[in-house]
Amino acid sequence: MAILIDENSRVVVQGITGREGSFHALRNRDYGTRVVAGVTPGKGGQQVEGIPVFDTVREAVAGEGVDTSLIFVPARFAADAMYEAIDAGVGVVVTITEGIPVHDMLRAYHHARARGVTLIGPNCPGLISPGRANVGIIPTSVFKQGGVGLVSRSGTLTYQIAHELTRRGIGQSTAVGIGGDPIVGSSFIDVLERFGADEQTEAVVLVGEIGGSEEEAAAGWAQEHLDKPVVAYVAGFTAPPGKQMGHAGAIISGSAGTAQAKQQALEAAGIRVGKDPDEVGDLVAEVLR
Amino acid sequence: MAILIDENSRVVVQGITGREGSFHALRNRDYGTRVVAGVTPGKGGQQVEGIPVFDTVREAVAGEGVDTSLIFVPARFAADAMYEAIDAGVGVVVTITEGIPVHDMLRAYHHARARGVTLIGPNCPGLISPGRANVGIIPTSVFKQGGVGLVSRSGTLTYQIAHELTRRGIGQSTAVGIGGDPIVGSSFIDVLERFGADEQTEAVVLVGEIGGSEEEAAAGWAQEHLDKPVVAYVAGFTAPPGKQMGHAGAIISGSAGTAQAKQQALEAAGIRVGKDPDEVGDLVAEVLR
Amino acid sequence: MDLYEHQGKELLGCMGVPVPAGRVAFSVDEAAAAAEELGGPVVVKAQVHTGGRGKAGGIRVVDDAAGASRAAADILGMDIKGHTVGRVYVEEASDIARELYAAVVLDRAEKRPLAMLSSMGGMDVEEIAREHPGAIARVHIDPLLGWSDYLGRRLAFESGLAADLGPAVSEVMARLYEAFVIYEATLVEVNPLAVLADGRVVALDCKLTADDNALFRHADIAGMRDVSAADPQEQMARDRGVTYVKLDGDVGVLGNGAGLVMSTLDVVANAGGRPANFLDVGGGAKAEEIVQALEVITSDPKVRVIFFNIFGGITRCDEVARGILTAVDQLRITLPIVVRLDGTNQEEGRSLIAEAGLQNVYSEPTMTAAAERAVALAGA
Amino acid sequence: MDLYEHQGKELLGCMGVPVPAGRVAFSVDEAAAAAEELGGPVVVKAQVHTGGRGKAGGIRVVDDAAGASRAAADILGMDIKGHTVGRVYVEEASDIARELYAAVVLDRAEKRPLAMLSSMGGMDVEEIAREHPGAIARVHIDPLLGWSDYLGRRLAFESGLAADLGPAVSEVMARLYEAFVIYEATLVEVNPLAVLADGRVVALDCKLTADDNALFRHADIAGMRDVSAADPQEQMARDRGVTYVKLDGDVGVLGNGAGLVMSTLDVVANAGGRPANFLDVGGGAKAEEIVQALEVITSDPKVRVIFFNIFGGITRCDEVARGILTAVDQLRITLPIVVRLDGTNQEEGRSLIAEAGLQNVYSEPTMTAAAERAVALAGA
């Protein structure tokens with residue numbers, strides 16, 4: 001039945017009248033997602049191609065019964081947008097925005113957890129349950145419905161890996177881009193836990209990158225708690241140490257956090273690691289055989 | 001089996017080397033309570049009549065497996081003491097201290113709730129499960145073990161009412177002084193909920209006073225959720241309007257919060273209200289018959 | 001602790017809430033000088049810890065220093081609901097286009113701060129709530145997370161003020177919440193929050209209640225206490241660290257714990273008597289505190305009998321007994337004292353009283369019996 | 001953004017952390033003047049964004065202005081691990097009795113700030129952790145609740161410093177946490193935190209990393225950026241809003257999204273090539289940003305081929321194609337460009353490239369094929 005979002009999800013887009021907000025709201029709706037409301041303060045009462053716009057998330061929840069929010073507001077206002085969604089009772093909050101201050105996310109993370117709200121992102125492409133719903137900026141053409149759960153810290157790598165799966169005829173249950181920032185709302189483990197409980201999901205692909213220790217933690221967790229096959233990919237083997245590679249998340253500090261260390265941890269947990277996206281596709285095909 | 005504390009509770013006294021702290025720690029131990037540790041920063045390694053003193057609550061938890069804390073530290077340090085207990089994994093935190101700033105309690109309340117920790121007080125006498133344990137400053141002589149749960153916003157009124165019960169031969173399961181401040185860690189409803197689930201408790205006495213709307217809320221809750229008889233007492237019928245009566249909690253504002261209004265709400269919920277502590281004793285004897 | 005308007009405005013001003021320029025004045029001359037300094041028309045406002053000063057004639061708009069002088073002469077010394085006006089606030093007059101209501105208050109039931117905004121300002125908030133239900137927008141604030149801008153937007157939209165005043169009122173609400181937290185207030189109320197003819201949004205009045213328990217962190221606010229305005233007996237009680245409220249009757253009541261003392265008042269009333277006061281010695285009172293508490297009670301000439309109702313927890317009955325005996329001796333108290341001691345160290349306490357054998361000190365075993373005895377003695 | 005020691009100390013000083021008096025100097029004369037002003041013996045310290053300056057000779061204790069002048073002459077212009085010293089910090093010399101370690105850092109795994117205190121200061125924290133496991137006391141802070149005094153007590157007791165230094169180090173830790181929050185840092189490290197001979201506890205060094213994403217709220221910190229220290233190409237990239245890291249090879253790599261670009265580097269390496277750089281145009285790049293990104297890459301003379309790897313989500317392939325075509329035209333690029341476009345508007349993007357028919361622009365359908373083609377062209 002996919003995880004987090006499906007054909008019944010009722011989505012509000014915060015920042016819907018912005019350029020990216022309206023573009024992707026309509027793309028998501030075109031895919032079949034129930035994009036039932038938008039929010040832009042001061043534009044309540046307007047419509048975006050038939051999607052009603054509200055001044056506050058609270059009104060959108062009251063008016064359209066939304067349960068999922070997709071946030072496109074600028075970085076300096078993004079935490080406030082998350083708080084508004086959480087306070088209004090939205091259960092899944094997906095933030096695409098990049099460049100959110102890390103202290104904002106520290107607070108938002110703990111606030112959301114205390115309220116049982118699932119945050120996805122920020123600095124992420126969102127998530128897609130192929131054939132059911134697309135909430136975010138993921139290009140849908142490379143996805144097809146199926147049994148592989150995909151979870152990734154990198155947006156474009158998510159598409160690349162999905163592309164490798166799809167062109168081998170392997171579909172996906174849900175692909176979740178958890179985001180590349182140092183503090184994101186949902187970790188690999190949070191998503192793996194859901195894939196573990198999801199009947200549609202038969203195998204999982206985990207796409208990591210240098211920096212932090214999320215992949216190592218996920219490897220240990222999967223070995224103990226997940227009884228579905230996992231294939232992994234890690235980007236950044238040739239990244240020079242001590243340099244920041246785009247994501248604040250991709251900082252190498254000493255030996256921990258290197259792609260090599262992550263690969264070792266994953267393999268030690270019995271997880272096969274592809275050397276490039278192409279090989280990941282081959283490995284998944286193998287484990288599904 | 002009583003509520004919140006019993007003969008298995010392992011208690012740490014924060015501020016044990018102070019005058020009140022040591023006096024009541026020993027009184028509580030004399031009653032049979034397992035007072036297994038004390039905390040006073042800088043006095044770790046000492047003993048108070050055989051009770052080991054630690055520098056931090058964390059050490060007390062590690063060393064003596066405490067699960068309950070009793071706090072006697074001065075008002076300006078009391079919130080910090082609560083945070084220390086919560087962070088160390090203590091499950092029930094009882095604060096006797098009065099005069100704690102209300103903004104400190106606002107934060108402590110929400111912090112404790114988010115962690116599933118039960119706060120009792122502040123500005124309260126603590127609680128006693130007669131024959132099992134006494135955690136606080138309650139004089140034990142007027143209590144006896146039995147089937148009446150007692151919950152009160154006032155310390156001395158708690159003793160007075162227990163006295164009325166005991167001299168009629170009616171024992172108590174647990175008596176909880178929730179404290180008289182505007183923000184306390186546990187409300188009437190929190191305690192009623194526990195009495196409802198407690199097998200030892202056959203009936204409940206609720207002791208309220210003017211100010212706030214806790215009694216009204218508790219009346220409504222009890223009518224819907226509690227299938228045990230409740231008798232109530234409310235103090236402050238002759239208190240002049242607009243005056244603050246000792247507790248910050250006992251402020252009359254307009255008609256809401258008056259003793260009359262509370263009595264009406266309680267009676268409307270089918271709860272009998274005694275006109276003085278003596279009559280409360282009679283009413284309890286009646287409902288237990 | 002309630003602050004005067006001018007004190008509250010000083011604090012709000014520090015937090016960035018726009019307030020008109022003004023000066024406090026304790027005399028007619030100071031009021032005239034303040035008006036002179038401010039220039040132009042000014043408002044002279046009685047500073048009292050109660051509402052309704054407008055209707056009582058405590059607010060006057062005047063054109064110049066001479067007018068301010070006359071207004072101050074009328075207002076200073078005025079009695080408003082039992083409060084004598086000891087100071088006025090002289091403030092530049094504002095050209096008001098519209099009056100709003102704004103407040104942040106501690107919501108005890110929800111255990112969270114509550115921010116309120118209404119387009120219907122100027123009148124009493126209970127009146128707005130009664131006559132225009134739904135006209136007050138409300139948002140609760142998570143005390144751990146603090147303010148976030150969406151709360152201001154919600155208030156602005158839900159009060160119907162967003163279209164033209166959205167950013168201004170959102171900003172004021174954020175500043176009021178900051179003041180509420182920084183000053184550890186239990187109430188910050190601005191009524192009216194005025195929209196001026198030139199479009200500015202300013203606080204024209206301010207009611208700020210600070211948490212007494214937090215004053216140790218706020219020397220500036222603690223220093224704002226107007227000791228001259230306090231009842232002398234209540235001030236005496238405060239100096240001695242006991243809670244005292246003067247009432248109308250003749251039975252002096254003293255106990256430990258607010259609940260028990262309130263109950264004692266009720267029991268005295270049920271027995272047909274009239275309490276002279278509420279006095280709570282609090283928890284853990286020592287002998288000398290008992291002496292001081294009796295000093296406060298006996299300073300009220302209406303008191304004909306004293307009812308001591310103690311149920312000891314942290315308070316020890318022996319300490320209380322020692323205090324009573326010392327006080328009777330030191331203060332030469334001849335009034336009858338009815339004593340009821342129960343709880344911690346009750347035996348020692350009762351023995352001390354019995355052994356002293358004082359003629360005017362009566363022990364009673366129960367609260368009801370003690371109340372009846374006290375009421376009988378008051379009538380004797 | 002890493003701050004220099006003197007900048008970090010300035011910020012810590014504002015938060016109430018004790019720091020010695022000091023002056024930054026950009027020349028020998030300024031260093032001498034600073035020493036003169038401070039009086040007495042001073043320390044002259046190279047200001048560089050790297051560790052190990054002591055071993056490199058970048059720290060000198062001198063007696064007076066003349067000594068400071070000589071030290072500054074030696075140190076200014078010095079190369080320390082590839083960083084040229086452009087400024088020194090002249091600080092009053094401290095009489096050190098003991099060296100401690102103190103830090104507050106963002107713990108990504110725990111998603112909470114972590115405060116650390118150790119009695120073993122002066123050496124590298126990794127070294128302390130390796131050689132004296134257990135010598136570093138650690139506490140996590142709840143970001144919603146913030147600091148509370150018990151955390152300082154725990155650190156003091158658990159690091160064995162409570163007996164004589166408890167209050168002082170607890171206070172410093174509270175101030176460091178406040179600095180961490182107020183300045184929105186990801187790291188505040190004081191090593192050594194020194195106990196002086198007179199008992200004072202002062203920060204003798206400071207490493208503070210501010211969150212680039214939060215600089216819009218901190219104009220003071222943003223203004224501390226030393227543009228002269230940045231690599232000119234990286235600065236050029238920053239000015240153009242793209243993320244660029246220079247590497248050693250000859251295959252210029254450009255993609256959207258850090259993960260994909262890193263993967264591209266790996267795939268180039270797997271194909272036997274050597275990437276010349278990491279360049280992430282980020283999400284939603286427009287044509288003009290593509291042009292600017294190509295301007296950065298082509299400014300590196302070592303680049304022999306450019307590999308464009310785009311998988312469009314928020315980025316649209318047609319925009320990228322337009323950018324490439326414009327850049328080739330405007331910048332007169334003759335280097336071979338291998339382009340791989342997938343995702344949003346991929347058909348339009350590929351058509352635009354195909355229709356333009358440029359000789360030096362090659363389209364490839366897959367990432368691996370494109371990498372192989374790029375590596376082959378680089379070797380050609």
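Throughout, protein chains are lettered first and strands after them, A, B, ... in sequence-line order, and every chain is numbered starting at 1.
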### Query
Under 4.5 Å between any side-chain heavy atoms of B:S187 and C:K111, yes or no?
yes
### Query
Do C:Y183 and B:H103 have side chains that get closer than 4.5 Å, going by heavy atoms?
no
### Task
Determine the interplanar angle of the C:F311 and B:H163 rings, folded into 0 to 90°, and report it as parallel if under 30°, tilted if 30 to 60°, perpendicular if over 60°.
perpendicular
### Query
Contact part of B:V234 toward chain C, heavy-atom cut-off under 4.5 Å: side chain, backbone, both or neither?
backbone
### Query
Taking atom CD of B:E164 and atom CE of C:M367, what is their separation to the nearest 0.5 Å?
8.5 Å
### Query
Yes or no on side chain to side chain contact (heavy atoms under 4.5 Å, CB included) for B:I183 and C:L106, after CA distance, side-chain angles and deciding distance?
CA-CA 9 Å; B:I183 305 292; C:L106 176 67; 4.1 Å; yes
### Query
Can you name the residues that form a side-chain contact (heavy atoms from CB on, under 4.5 Å) with B:A218, not counting sequence neighbours?
B:F188, B:I189, B:L192, B:L206
### Task
For atom NZ of C:K207, decide whether the heavy atoms of other residues, nucleotides or ligands shown that lie under 6.0 angstrom number more than 12.
no
### Most chain B-contacting option - heavy-atom pairs closer than 4.5 Å, from C:L279, C:L260, C:D248
C:L260
#### Entry: Members of residues 108-120 of chain B whose heavy atoms come closer than 4.5 Å to chain C
B:Y109, B:H110, B:H111
### Query
Given that the side chain runs from C-beta out, which part of C:R316 has a heavy atom under 4.5 Å from chain B: side chain, backbone, both or neither?
side chain
### Task
Mind checking the CE-CG spacing from B:M105 to C:N213? Nearest 0.5 Å is all I need.
11.5 Å
### Query
Rounded to the nearest 0.5 Å, how far does CG of C:D107 lie from OG of B:S213?
8.0 Å
### Task
For C:Q346 and B:S141, work out which heavy atoms get closest and say how close.
OE1-OG, 4.4 Å
### Message
Between B:V102 and C:T186, is there a side-chain heavy-atom distance shorter than 4.5 Å?
### Response
yes
### Part of B:L106 lying under 4.5 Å from any heavy atom of chain C
both
### Heavy-atom pair count under 4.5 Å with chain C, highest-scoring of B:K275, B:R27, B:R76
B:R76
### For B:T140, all residues meeting side-chain hydrogen bond (donor to acceptor under 3.5 Å, both in side chains), sequence neighbours excluded
none
## Note on the structure
Looking only at B:R19, B:E98, B:Q160, most heavy-atom pairs under 4.5 Å shared with chain C are made by B:Q160
### Task
For C:A214 and B:P101, work out which heavy atoms get closest and say how close.
CB-CB, 3.8 Å
## Note on the structure
Residue set satisfying side-chain hydrogen bond (donor to acceptor under 3.5 Å, both in side chains) with C:T368, at least two apart, ordered chain then number -> none
### Query
Are C:R217 and B:D104 within salt-bridge range, i.e. N to O under 4.0 Å?
yes
### Task
Among the options C:P143, C:G255, C:G312, C:A269, pick out the one with the most heavy-atom pairs lying under 4.5 Å from chain B.
C:P143
### Query
Considering only heavy atoms, which portion of B:E214 lies under 4.5 Å from any heavy atom of chain C: side chain, backbone, both, or neither?
side chain
### Option that, when pairs with chain B are counted at under 4.5 Å, heavy atom only, ranks first among C:V242, C:L144, C:T344
C:L144
### Query
Got a donor-acceptor contact below 3.5 angstrom from the C:D266 side chain to the B:A235 backbone?
no
### Task
Going by the side-chain contact (heavy atoms from CB on, under 4.5 Å) test, name the single residue among B:L157, B:I161, B:T156 that passes it with C:S263.
B:L157
### Task
Indicate yes or no: at least one non-hydrogen side-chain atom of C:M262 is less than 4.5 angstrom from one of B:F237.
no
#### Entry: Residue part contacting chain B, namely of C:N256, when any heavy atom lies under 4.5 Å
both
